[in-house]
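Just below is one structure, and these are the notes that go with it.
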Amino acid sequence: MKKELISIVVPCMNEEENILPFYEEVTKVLKEISNIHYEIIYVNDGSKDTTIEKMRELARQDKSVHYISFSRNFGKEAAMYAGLEASKGDYVTTMDVDLQDPPALLKEMYRSIKEEGYDCVAAKSVSRHGYSFFRKIFTGWFYKIIAKMSNVEMVPGARDYRLMKRRMVDAILSAKEYNRYSKGLFSFVGFDTKWIEYENQERVAGTTKFNFPKLFAYAMEGIVGFSTTPLLISAILGIFFCFVSFIAIIVIIVKTLIWGDPVAGWPSMICILFFLSGIQLFCTGIMGEYLAKTYLEAKKRPIYIVKETEEDLCDK
Ligand code: UDP
Ligand code: MG
């Protein structure tokens, strides 16, 4: 029987301590799966440390290790896209290099795809152990909001860690959008997915690359990318306030006709003015967010730019 190829895509940014431990752990697990061969594709997303040297070293030693190095930091989504594009496997997975995605699950994922006929087996962490208190709260809110707003299902605790059949990978790659949000795209493309639950792990080394502003931008990407409900909310707010002002005009005209027009009510007027200006700016902001995303898409800039791959190694 022909051996099947499993591709592991690993986005990395400033992860010098993790490249080698990840390689050791993952190859140990992959070697235990019978009748497959594998390729590991590291993507260096503009690291400022020695990450790239670690990748070159591994690629020299092991022919199944490949790497793609970006010209600057393009973000994890771009790194995943580049890795998926370069992958040749019959089955492909993306994994974080910090070992927060347990490699041991790969065996079960592969077995489920082969024996149970799924197109994709995805990992879902049942705890958010290892993440800060605020991040846990913020993530919880995000999933509640997106569940109400979006028409694609986003599973709380879902990771980008999932083993997919080639056909699903090709479907994801066919979405060429610049503003990428993989968790939404996985759901958008459909296919039969099995969920495996696990306890979240702490990072082996280094710190998270997602600080609060980056995480907030990521959440906005998810909402704006997969829902137009915020636009509807701003339109409904507009209609509501038109209605309120219409009633207020009638009340004021009637009051003036009956009791005359004493000049009073400045403080309340200012409060109303501030409140309504705030609402207006909020709604303009929502529209601006969609316009900005459309602007970026319209430019059709490349999702990533490659500076070096393992094919350049002989020159080093
Ligand atoms: N990462 C990346 N580019 C970025 C940010 C992160 O390639 O701009 C990589 C990072 O090196 C890691 C993975 O994406 O392999 C997940 O990042 P991290 O562990 O910091 O995220 P968290 O687990 O805190 O969500
Ligand atoms: Mg991590």
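Note that the numbering runs from 1 along the sequence shown for the chain. Just so you know, ligand 1 is whichever comes first in the structure, and atom 1 is the first atom listed for that ligand. Side chains included, hydrogens not; waters and symmetry mates left out as well; all remaining heavy atoms used.
Distances from atom 19 (O) of ligand 1 to the heavy atoms of Thr207, Asp98, Asp96 show the closest one on Asp98.
Protein heavy atom nearest atom 15 (O) of ligand 1, with residue, atom name and distance: Pro11 O, 2.7 Å. Looking from atom 18 (P) of ligand 1 to the surrounding protein, the closest heavy atom is Arg203 NH2, 3.5 Å. Atom 3 (N) of ligand 1 has Asp45 OD2, 2.6 Å as its closest protein atom, hydrogens excluded (heavy atom only). In this structure, the protein non-hydrogen atom closest to atom 8 (O) of ligand 1 is Lys214 NZ, 2.8 Å. The protein atom (non-hydrogen) at minimum distance from atom 25 (O) of ligand 1 is Arg135 NH2, 2.7 Å. Looking only at protein heavy atoms, the nearest one to atom 17 (O) of ligand 1 is Phe210 CE1, 3.8 Å. Here the heavy atom of the protein found nearest to atom 10 (C) of ligand 1 is Glu15 OE2, 3.2 Å. Scanning the protein heavy atoms around atom 6 (C) of ligand 1, the nearest turns out to be Lys209 CB, 3.7 Å.
The atoms of ligand 1 that sit less than 4.0 Å from any heavy atom of Gln100 are 19 (O), 23 (O). Heavy-atom contacts of Thr208 reach the following atoms of ligand 1: 20 (O), 21 (O), 22 (P), 24 (O) (cutoff under 4.0 Å).
Within the 4.5 Å cutoff, the side chain of Lys183 has no heavy atoms near those of the Glu77 side chain. Looking at Tyr91 and Val121, their side chains never come closer than 4.5 Å, going by heavy atoms from C-beta outward. The side-chain heavy atoms of Met55 and Ile19, taken from C-beta on, include a pair separated by under 4.5 Å. Between His37 and Leu30 there is no side-chain heavy-atom pair separated by less than 4.5 Å.
For ligand 1, one of its N or O atoms has an N or O atom of Asn73 under 3.5 Å away. On a distance-only criterion, Ala79 and ligand 1 share no N/O pair closer than 3.5 Å.
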* To do: Tell me, with the steps shown, if Ser64 and Glu39 meet side chain to side chain donor-acceptor pair (under 3.5 Å).
  => CA-CA 5 Å; Ser64 43; Glu39 59 173 6; over 6 Å; no
* Between Asn73 and Asp45, does a side chain to side chain donor-acceptor pair (under 3.5 Å) hold up when you go through it step by step? -> CA-CA 5 Å; Asn73 178 257; Asp45 183 16; 3.0 Å; yes
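Using the six-membered ring where Trp is involved, Tyr42 and Phe22 have ring planes that are perpendicular, over 60° apart on the 30 and 60° scheme. Between Tyr181 and Phe226, the ring planes are tilted. Angles from 30° to 60° get that label. Classification of the Phe70-Tyr304 ring pair by plane angle, with boundaries at 30° and 60°, yields parallel.
For the pair Met95 and ligand 1, no heavy-atom separation below 4.0 Å is found. Contact analysis leaves Met80 out of contact with ligand 1, as no non-hydrogen atom separation drops below 4.0 angstrom.
Taking the ring centroids of Phe275 and Phe241, they lie under the 6.0 Å cut-off. Residues Tyr118 and Phe191 keep their aromatic ring centres 6.0 Å or farther apart.
Of all the heavy atoms of Asn14, none lies under 4.0 Å from any atom of ligand 1, so neither backbone nor side chain is involved.
Within a radius of less than 2.8 Å around the Mg ion (ligand 2), the protein N, O or S atoms are Asp98 OD2, Gln100 OE1.
Around the CZ atom of Phe282, the shell of radius 6.0 Å holds no more than 12 heavy atoms that belong to other residues, nucleotides or ligands.
The side-chain contact (heavy atoms from CB on, under 4.5 Å) test with Leu106 singles out one residue from Glu32, Met95, Arg111, and that residue is Met95.
In this structure, a donor-acceptor pair under 3.5 Å is present between the side chains of Glu297 and Asn179.
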